[in-house]
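Below you'll find the structure, written out as structure tokens, and then a few comments.
Residue numbering restarts at 1 for every chain, and letters A, B, ... go by the order of the sequence lines.
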Amino acid sequence: MSPLSCGPRRCRSRASTGRRALRASRALGGLWRGAGCPTDLPRSAISGGAMLDIQFIRHNADRVRAAIKNKRLELELDDLLAADKERREITTLLEQKRARKNELSALIPKAGKDDRPRLVDEAKQTRSDIEQLEPRLAEVQRRFNDLMLRVPSLPRPEVPIGKGEDDNVEIRRVGTPRTFDFTPRDHVDLMTSLGLIDWDGPRKFAGGRSYALVGDGALLEMAILRLAVDTLIDRGMMLVSPPVLVKERAMMGTGYFPLGVEQAYAVPADELFLVGTSEVPLVSLHCDDTLELAALPIRYAGISPCFRREAGAHGKDTRGIYRVHQFMKVEQVVFCPPDEAVAEKLHYELLGNAEAILAKLEIPYRVAIACTGEIGLGQTRKHEVESWMPGRSAYSETHSCSTLGDFQARRSNIRVRLEDGTLSYPYTLNNTAVASPRILIPLLENHQNADGSVTLPEALVPYMRGKDKLLPR
RNA sequence: GGAGGAGUGGCCGAGCGGUCUAAGGCAGCGGUUUUGAAAACCGCCGUACCGGCAACGGUACCAGGGGUUCGAAUCCCUUCUCCUCCGCCA
């Protein structure tokens, strides 16, 4: 076996004679390596734990290759298969040596004076053989692990094959965009004239894409978040306010790393990262756990600030608050049994929750299924909810609903005990409930009046201290 | 940040250099007994990887990592986590 390939709790990667273990298990963690810091990778990520089971990959190479191509990833599957083969060869050899070593250790105390020196000599030789093999295995294992973390999950059959946004397929539209009998303003104008935001202050001390919600602007954000929270609690979800500063393993475990490292803010001094969504801590809440089948599904509603570097988005969506570095989000996360039918049902339940919130906010939207080129490494299916934004004269993404299969559970070492006592991996799903300030764009733009005021949807009024209209200053 | 203490299987807890694939207990599963249940008794009762159609075999795992040794749960170093006290602090 490869000492590295063990997963769960009791099994550690103590290569070999025990102690002089290989370092391969750490191979993945390299981000902080330079600083000589220990990485804290999900042990599962080390073995079968990446995304698909290596055995599955071996037997379904063509399907995996197709997924790599359709998701537009760069990964040579043959490199992985070669590393896997090499890794198993060395492992076999190493285990034979170790078996002999164990045998000798048992013989030595029983051996007579005459035989003893001979046996000790052989044991020394065997140990030195082992010590030679270990670094070789460590190297291969490192290569193997790194590649494993880049293997995508397989898109479900209904996911359209395509390259980009334009290949997403619209499923339905709900609500009708208003026709204005005046020239509608965009959210930037509205927020400015309504005094909901301070643009200039933050940019002096916090940089580009920063902003400060002020007065009713700040209250409005809280009102919307609170409306979303209440809606989800009513629908049976457990509210969680999780840590947003997390270890690398959480980012790796949820699939945001290694491919998305450049999107996350890092805190090198403490080897921590700021999450881009509470999905990361919510899923990680159960890392290394074995869940009881009866406890599933687990429905969480996370509320947290979210941080995204938006690297590579220079010059994109720079006007207003569409794309910012820090925002607030209520996110839904579900753990469900490893059953496609149940996952399907829950996926639409989450989508339904998001739609219910949009309905309360009285915002027209459409739902689209994202094509293979637009879904992430781990997602097997993703729906986007796009809200109508008059200022853009377009539907733009405000929500994203994903099924991940067992991708995150494997990486995060989250398991479930089935009826027959066997262990499996639960499926995870997630969906935005509401994200602010982006949601303010359709909210304000759709509900504006000719005089520059904005009429608030009824559902928000109680959360706005009774205020039902925002007036220009 | 400083000073102490602790980390063993689902849980409690023994072990402190070789027979540990870890005593004992609890919980769980199967059985005997019983009208039924309880009790008692008997047995089973970790995970992962590699090889194998399978039966099965091998390896690894006593918080993580490194070291000493022919051999480590046991010795040394180190990291992490938890607890107690002190300091600082929203």
Side-chain angles (χ1 to χ4, degrees), chain A residues 1-29 32-33 35-50 53-59 83-111 113 115-131 133-135 137-138 140-141 144-145 148 245 247-249 269-272 287-292 294-295 410 413-417 419-425:
Chain A
M1 81 154 270
S2 106
L4 315 165
S5 40
C6 29
R9 28 202 66 182
R10 306 206 49 214
C11 174
R12 234 29 4 114
S13 46
R14 260 247 313 249
S16 102
T17 53
R19 277 54 199 314
R20 55 206 81 221
L22 311 183
R23 305 225 69 243
S25 59
R26 314 259 103 192
L28 311 163
W32 303 118
R33 178 74 26 67
C37 301
T39 63
D40 190 8
L41 245 232
R43 340 228 221 238
S44 55
I46 285 151
S47 66
D53 189 353
I54 182 61
Q55 309 221 28
F56 175 89
I57 297 172
R58 283 204 286 265
H59 295 125
D84 175 46
K85 184 158 176 275
E86 200 180 337
R87 160 188 153 260
R88 283 182 295 153
E89 284 166 0
I90 300 177
T91 297
T92 305
L93 209 61
L94 190 54
E95 288 185 355
Q96 285 166 357
K97 291 288 180 190
R98 293 212 267 246
R100 180 59 181 159
K101 187 204 73 173
N102 289 343
E103 214 176 336
L104 289 167
S105 301
L107 287 172
I108 287 171
K110 294 180 204 153
K113 289 264 189 309
D115 293 335
R116 203 173 170 114
R118 204 193 74 236
L119 293 174
V120 170
D121 278 353
E122 191 189 341
K124 282 184 175 169
Q125 181 56 48
T126 305
R127 187 176 78 182
S128 117
D129 291 347
I130 290 170
E131 282 170 350
L133 287 169
E134 282 174 346
L137 180 60
V140 180
Q141 190 72 42
F144 174 78
N145 290 339
M148 277 299 275
L245 202 50
K247 295 184 184 185
E248 183 185 11
R249 69 165 298 190
D270 295 294
E271 302 161 44
L272 296 170
C287 65
D288 297 335
D289 283 355
T290 297
L291 305 171
E292 289 307 321
R410 282 181 177 278
N413 191 29
I414 301 167
R415 295 180 300 167
V416 59
R417 193 177 297 280
E419 295 99 329
D420 61 3
T422 59
L423 292 169
S424 184
Y425 295 97

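Spacing between atom CD of A:Glu89 and atom P of B:rC49 amounts to 19 Å, rounded to whole angstrom units.
When the side-chain nitrogen and oxygen atoms of A:Arg116 are compared with OP1 and OP2 of B:rC70, none of them lie within a distance under 4.0 Å. Here A:Gln55 reaches the OP1 or OP2 of B:rC50: one of its side-chain N or O atoms lies under 4.0 Å away. Contact between the side-chain N/O atoms of A:Arg88 and the OP1/OP2 oxygens of B:rC49 is not found at any separation under 4.0 Å. Taking only side-chain nitrogens and oxygens, A:Arg415 comes nearer than 4.0 Å to OP1 or OP2 of B:rA48. Of the side-chain N and O atoms in A:Asn102, one or more sit less than 4.0 angstrom from OP1 or OP2 of B:rA60.
A:Asp121 is linked by a salt bridge (Lys or Arg N to Asp or Glu O under 4.0 Å) to nothing, counting only residues two or more places apart in sequence or in another chain. Considering only residues two or more places apart in sequence or on other chains, A:Glu103 meets the side chain to side chain contact (heavy atoms under 4.5 Å, CB included) condition with A:Arg100. With sequence neighbours excluded, the residues satisfying side chain to side chain contact (heavy atoms under 4.5 Å, CB included) with A:Glu89 are A:Lys85. Residues forming a side-chain hydrogen bond (donor to acceptor under 3.5 Å, both in side chains) with A:Gln96 (at least two apart in sequence, or on another chain): none. Residues passing the side chain to side chain contact (heavy atoms under 4.5 Å, CB included) test with A:Asp84, sequence neighbours excluded: A:Ile54, A:Arg58, A:Arg87, A:Arg88, A:Phe144.
Out of B:rC50, B:rC70, B:rU47, the shortest distance to the side chain of A:Ser105 is found at B:rC70.
Looking at RNA chain B, the stems built from 3 or more consecutive Watson-Crick or G-U wobble pairs, each pair with its key distances under 3.5 Å, are B:1-7 with B:80-86, B:10-12 with B:24-26, B:28-32 with B:40-44, B:46-51 with B:56-61, B:63-67 with B:75-79.
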